[in-house]
Engineer: 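What follows is a structure written as structure tokens; I'll ask about it next.
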Amino acid sequence: MRHPIVKSAEDRMNKSIEKISEELRKIRTGRASPAILEEIKIDYYGAPTPINQLATVKVEERSLIIQPWDKSVLSSIEKAIFASDIGLTPMNDGNVIRLVFPTPTTEQRQKWVKKAKEIAEQGKIAIRNIRRDVLKELKQLEDDGKISEDDAKRLEKEIQDLTDKKIEEIDKLFEKKEKEIMEV
């Protein structure tokens, strides 16, 4: 059975990886992806509401088709997309909004890879910070005599192995995203 400190560290590291994965998913890849709309909220009857709760979002080749269930929100969705920083111009035909994803240049792709790398690095830093905090906690337990020196060394090794595994997981997420971005 795992020690509670190791279990706690693993839970914290998993949350960090989930956050990094979520951030990486938001980065454009040149392909049409509904994930790009997740941060955009529309004021719908006084409540900020995500687009996917107001409309059907379909992917067709290099574009997203947003078809609201209530036509009265069409212009609100269009305005929210214009106001966002996704870098796409919505085309409203009165029934649906079409977002066309242009083929990105090599320079744009490199910028996206650089941004993905920064996010991955932030994730690695977060994992290492968790390791540092847990090791400090372990040292305190050892100093207080609540765990033996041997147990502390064993737990330190367990935490280091866990840290290495989680950093490797982040590297794999980044490599996958980089491949996705650079794919033409």
Engineer: Does a side-chain heavy-atom distance below 4.5 Å link L64 with V59?
Structural biologist: yes
Engineer: Taking the side chain as every heavy atom from C-beta outward, state whether I17 and L173 have any pair of such atoms under 4.5 Å apart.
Structural biologist: yes
Engineer: Which heavy atom of L99 sits nearest a heavy atom of P90, and at what distance?
Structural biologist: CD2-CA, 3.6 Å
Engineer: I'd like to know whether CZ of R12 has more than 12 heavy-atom contacts from other residues, nucleotides or ligands below 6.0 angstrom.
Structural biologist: yes
Engineer: Got I159 and I5 here, is their nearest side-chain heavy-atom distance under 4.5 Å?
Structural biologist: yes
Engineer: So that I can tick it off, tell me whether D161 and K157 are bridged by a salt bridge, with the cut-off set at under 4.0 angstrom between side-chain N and carboxylate O.
Structural biologist: yes
Engineer: So, using side-chain hydrogen bond (donor to acceptor under 3.5 Å, both in side chains) as the criterion, who are the partners of R132 when residues are at least two apart?
Structural biologist: N129
Engineer: Between atom CD of E168 and atom CD1 of I127, what is the distance when rounded to the nearest 0.5 Å?
Structural biologist: 12.5 Å
Engineer: Examine the side chains of Q160 and D164 and answer whether a donor and an acceptor come within less than 3.5 Å of each other.
Structural biologist: yes
Engineer: Rounded to the nearest 0.5 Å, what separation is found between the NZ atom of K15 and the CD1 atom of I130?
Structural biologist: 9.5 Å
Engineer: Can you measure from CG (D144) to NZ (K139) and round to the nearest 0.5 angstrom?
Structural biologist: 11.0 Å
Engineer: When rounded to the nearest 0.5 angstrom, what distance separates OG1 in T105 from NZ in K111?
Structural biologist: 7.5 Å
Engineer: Please evaluate residues E175 and K179 with respect to the criterion salt bridge (Lys or Arg N to Asp or Glu O under 4.0 Å), reporting the C-alpha separation (whole Å), side-chain torsions for both, the decisive distance (0.1 Å), and the verdict.
Structural biologist: CA-CA 6 Å; E175 287 168 15; K179 185 179 174 192; over 6 Å; no
Engineer: Hydrophobic clusters here meaning ILVMFWY residues chained together by side-chain heavy-atom distances under 4.5 Å, can you tell me if I65 and V57 are in one?
Structural biologist: no
Engineer: Are the charged groups of K166 and E169 less than 4.0 angstrom apart, N to O?
Structural biologist: yes
Engineer: Residues two or more places apart in sequence or in another chain: which of them pass salt bridge (charged side-chain N to carboxylate O under 4.0 Å, His left out) with E156?
Structural biologist: none
Engineer: Salt-bridged, D150 to K153, with N to O below 4.0 Å?
Structural biologist: no
Engineer: Hydrophobic clustering (ILVMFWY, side-chain heavy atoms < 4.5 Å, transitive) - are I20 and F174 grouped together?
Structural biologist: yes
Engineer: Let me see the working for R154 and D151 under salt bridge (Lys or Arg N to Asp or Glu O under 4.0 Å), right down to the final yes or no.
Structural biologist: CA-CA 5 Å; R154 183 182 50 79; D151 284 344; 3.7 Å; yes
Engineer: Can you give me the closest heavy-atom contact between A9 and V134, atom names plus distance?
Structural biologist: CB-CG2, 3.6 Å
Engineer: Hey, does E60 have a side-chain heavy atom less than 4.5 Å from the side chain of R98?
Structural biologist: yes
Engineer: Is it the case that one hydrophobic cluster holds both I77 and F101, taking links as side-chain heavy atoms less than 4.5 Å apart, direct or via other members?
Structural biologist: yes
Engineer: I'd like to know whether NZ of K41 has more than 12 heavy-atom contacts from other residues, nucleotides or ligands below 6.0 angstrom.
Structural biologist: yes
Engineer: Can you list every salt bridge (Lys or Arg N to Asp or Glu O under 4.0 Å) pair that touches residues 64-82, not counting sequence neighbours?
Structural biologist: none
Engineer: State the CG-CD1 distance between L54 and I42, to the nearest 0.5 angstrom.
Structural biologist: 6.0 Å
Engineer: To the nearest 0.5 angstrom, please state how far the CD1 atom of I170 sits from the CE atom of M13.
Structural biologist: 9.5 Å
Engineer: Let's go through K176 and E180 carefully: what are the C-alpha distance in whole Å and the side-chain angles of both, what is the deciding distance for salt bridge (Lys or Arg N to Asp or Glu O under 4.0 Å) to 0.1 Å, and is it a yes or a no?
Structural biologist: CA-CA 6 Å; K176 181 181 171 195; E180 204 175 290; 5.4 Å; no
Engineer: Could you walk me through whether L162 and R131 pass the side-chain contact (heavy atoms from CB on, under 4.5 Å) check?
Structural biologist: CA-CA 9 Å; L162 180 66; R131 177 190 61 193; over 6 Å; no
Engineer: When you check the gap from the basic side-chain N to the acidic O, do K115 and E118 get nearer than 4.0 Å?
Structural biologist: no
Engineer: Give me the atom names and distance for the closest heavy-atom approach of S75 to S72.
Structural biologist: OG-O, 4.3 Å
Engineer: Between E18 and N14, is the side-chain hydrogen bond (donor to acceptor under 3.5 Å, both in side chains) condition met? List the steps.
Structural biologist: CA-CA 6 Å; E18 277 178 39; N14 285 338; over 6 Å; no
Engineer: State, to 0.1 Å, how close V73 and P68 come at their nearest heavy-atom pair, and which atoms those are.
Structural biologist: CG2-CB, 3.7 Å
Engineer: For a 4.5 angstrom cut-off between non-hydrogen side-chain atoms, does I81 reach I51?
Structural biologist: yes
Engineer: Any link between M182 and W112 through a network of hydrophobic side chains (Ile, Leu, Val, Met, Phe, Trp, Tyr) touching at under 4.5 Å?
Structural biologist: yes
Engineer: Given 3.5 Å as the limit, does a donor-acceptor pair link the side chain of R109 with the main chain of I181, or not?
Structural biologist: yes
